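Here the structure is laid out as structure tokens; the discussion comes afterwards.
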Amino acid sequence: MQIPLIDLTKQYMNLKDSIDKVMIRVAESSQYISGPEVKSFELELADYLGCKHAISCGNGTDALAISLKALGIGAGDEVITSPFTFFATAEAISIVGATPVFVDVDPGTYNLNPSLIEKKINKKTKAIMPVHIFGQPADMEPIVDLAEKYGLYIVEDACQAIGAEYHGVKAGTIGDIGCFSFFPTKNLGAFGDGGLIVTNNDEIASIVRGLKAHGSGHAGLLAYKSLNQGLVDSDVLNGLNDQSAKYYNYLVGYNSRLDEIQAAILRIKLKYLDRWNDARRGLASNYNKKLKETSLVLPEVLRNLKEVVHLYVLQTENRKDLVEFLNNKGISTGVYYPVPLHLQKVYEHLNYSIGDFPVSEYLSNRTLALPLYPEMSEVEQNYIIECIQKFESE
Ligand SMILES: *Cc1c(COP(=O)(O)O)cnc(C)c1O
């Protein structure tokens with residue numbers, strides 16, 4: 001039996017009729033950007049997540065960078081985050097000119113360990129960027145307390161956690177800004193790239209809207225005013241509609257858009273997201289139950305959380321052998337993440353060394369993701385479990 005880590009074909013085949021129909025509808029409309037699909041998608045996402053503003057953009061990395069820039073974070077500033085994440089988390093901090101400051105993670109949940117954050121806070125610290133890794137929300141309560149105590153922003157990297165909940169609140173809507181990705185393999189995946197920025201703060205929302213569209217027009221002017229204490233004569237745009245105002249620029253921003261065709265596809269998929277996330281949780285709890293007796297260390301989930309199991313990641317002493325054994329049985333696996341970010345070549349200049357974040361380093365050598373996707377059948381999962389049990393008994 002061949003089992004991929006993630007199966008996007010099954011999902012498409014299940015929704016083929018409705019997805020094909022909207023793709024043709026958008027093609028025939030000849031409105032490919034900034035149209036009705038994107039507008040409706042943003043409203044539906046704000047409603048789904050229970051937040052005031054949902055602003056689409058080109059991808060999750062842009063979402064993170066635009067968010068930091070909207071908060072006025074740049075050169076000379078520090079942002080605290082996890083070294084055990086996808087590179088884009090720290091990359092976004094570097095893109096705006098700030099410095100990522102890493103804090104080690106918890107060995108059971110793989111998320112930022114809140115008790116290690118406070119000693120990294122100094123005058124340069126502007127924000128904390130928790131990552132809801134593998135679909136489980138980070139322990140936000142102590143992080144929110146620290147942010148309040150020291151006057152820091154919280155930007156949530158919720159790229160892997162759409163639909164997850166922390167104490168009944170959707171991940172991504174707890175801090176000042178939340179960022180999502182619609183990369184095809186994410187829980188809500190487009191047919192290409194896409195991203196989203198959410199906030200309950202009107203001023204932040206208008207800055208984000210200005211920054212994502214070249215810092216131009218009415219939104220660009222508002223963004224400029226917010227970031228520069230209102231030092232601009234705004235009369236020039238008076239009476240101009242959005243189309244004409246577009247050629248007046250106030251900030252160096254981004255060109256970061258979600259396309260109409262992606263928004264149309266995502267609107268269809270959004271209707272299934274909760275069902276898919278339920279199926280993911282069901283598969284994860286079945287793995288947990290059936291693999292309990294093995295030597296594998298299974299992922300821990302904190303209480304009062306609803307995780308969305310973006311990836312099912314466990315730990316093993318014999319990763320190399322297990323990967324090879326499963327591979328020979330037709331089962332794909334993945335390693336997330338083989339190199340913690342403080343040891344990446346690109347961050348050599350930050351002068352971290354081996355031993356600085358022992359938990360992240362330990363996990364990098366031991367973690368393994370098993371196949372998991374909402375359409376996975378019982379037969380497929382049982383086959384994977386049986387193969388692992390066979391490996392254990394050899
Ligand atoms: C996917 C991902 C991103 C980046 O999203 P893109 O849409 O690929 O730019 C950022 N952070 C995390 C944790 C991710 O998993």
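Since the structure is predicted, the reported quantities are computational estimates derived from the model, not experimental observations. Every number for a ligand or one of its atoms is a count from 1 in the order of the listing.
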Legend entry - Selected option - heavy-atom contact closest to atom 12 (C) of ligand 1, from L196, D157, V131: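 Heavy atom nearest to atom 12 (C) of ligand 1 belongs to D157.
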Need the ligand 1 atom indices (1-based, order shown) with element for anything under 4.0 Å from a heavy-atom of [X].
X    : result
T61  : 4 (C), 5 (O), 6 (P), 9 (O)
N59  : 7 (O), 9 (O)
C159 : 2 (C), 3 (C), 10 (C), 11 (N), 12 (C), 14 (C)
T85  : 13 (C)

Inset, instruction - Determine, using heavy atoms of K186 and all atoms of ligand 1, whether some pair is separated by less than 4.0 Å. - result: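 Judged by the 4.0 Å heavy-atom criterion, K186 does count as contacting ligand 1.
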Inset, instruction - Could you tell me if the ring centre of F357 sits under 6.0 Å from that of Y352? - result: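 Yes, the ring centres sit under 6.0 Å apart.
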Legend entry - For atom 6 (P) of ligand 1, closest protein heavy-atom neighbour: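 For atom 6 (P) of ligand 1, the nearest protein heavy atom is G60 N, 3.4 Å.
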Inset, instruction - Among all protein heavy atoms, pick the one closest to atom 15 (O) of ligand 1 and tell me residue, atom and distance. - result: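 Its nearest protein heavy-atom neighbour is Q160 NE2, 2.8 Å.
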Legend entry - Identified salt bridge (Lys or Arg N to Asp or Glu O under 4.0 Å) counterpart of E42 within the set R267, K52, R257, R209: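 Result for salt bridge (Lys or Arg N to Asp or Glu O under 4.0 Å) with E42: R209.
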Legend entry - Side-chain cluster (under 4.5 Å, hydrophobic types only) that V198 belongs to, other residues: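 Noted: V198 shares its cluster with F41, L45, Y48, L49, I162, F180, F182, L188, L196, L258, L266, L270, L273.
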Legend entry - Note, Q31 side chain near P36 side chain (heavy atom, < 4.5 Å):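 They are in contact (side-chain heavy atoms under 4.5 Å apart), so the answer is yes.
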Legend entry - Distance-only N or O hit between ligand 1 and D193, under 3.5 Å: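 D193 vs ligand 1: no N/O contact under 3.5 Å.
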Inset, instruction - Count the heavy atoms of every other residue, nucleotide or ligand shown that sit under 6.0 Å from OH of Y248, and state whether that count exceeds 12. - result: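 Result for OH/Y248: open.
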Legend entry - Structural part of I133 in contact with ligand 1, heavy atom criterion under 4.0 angstrom: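 Near ligand 1, I133 shows nothing, with every heavy atom at 4.0 Å or more.
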Inset, instruction - Apply salt bridge (charged side-chain N to carboxylate O under 4.0 Å, His left out) to the pair K290 and E386, showing each step before the final yes or no. - result: CA-CA 9 Å; K290 305 269 175 62; E386 277 159 27; over 6 Å; no
Legend entry - Separation of Q344 CD from L350 CG (nearest 0.5 Å):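 If we round to the nearest 0.5 Å, L350:CG and Q344:CD are 11.5 Å apart.
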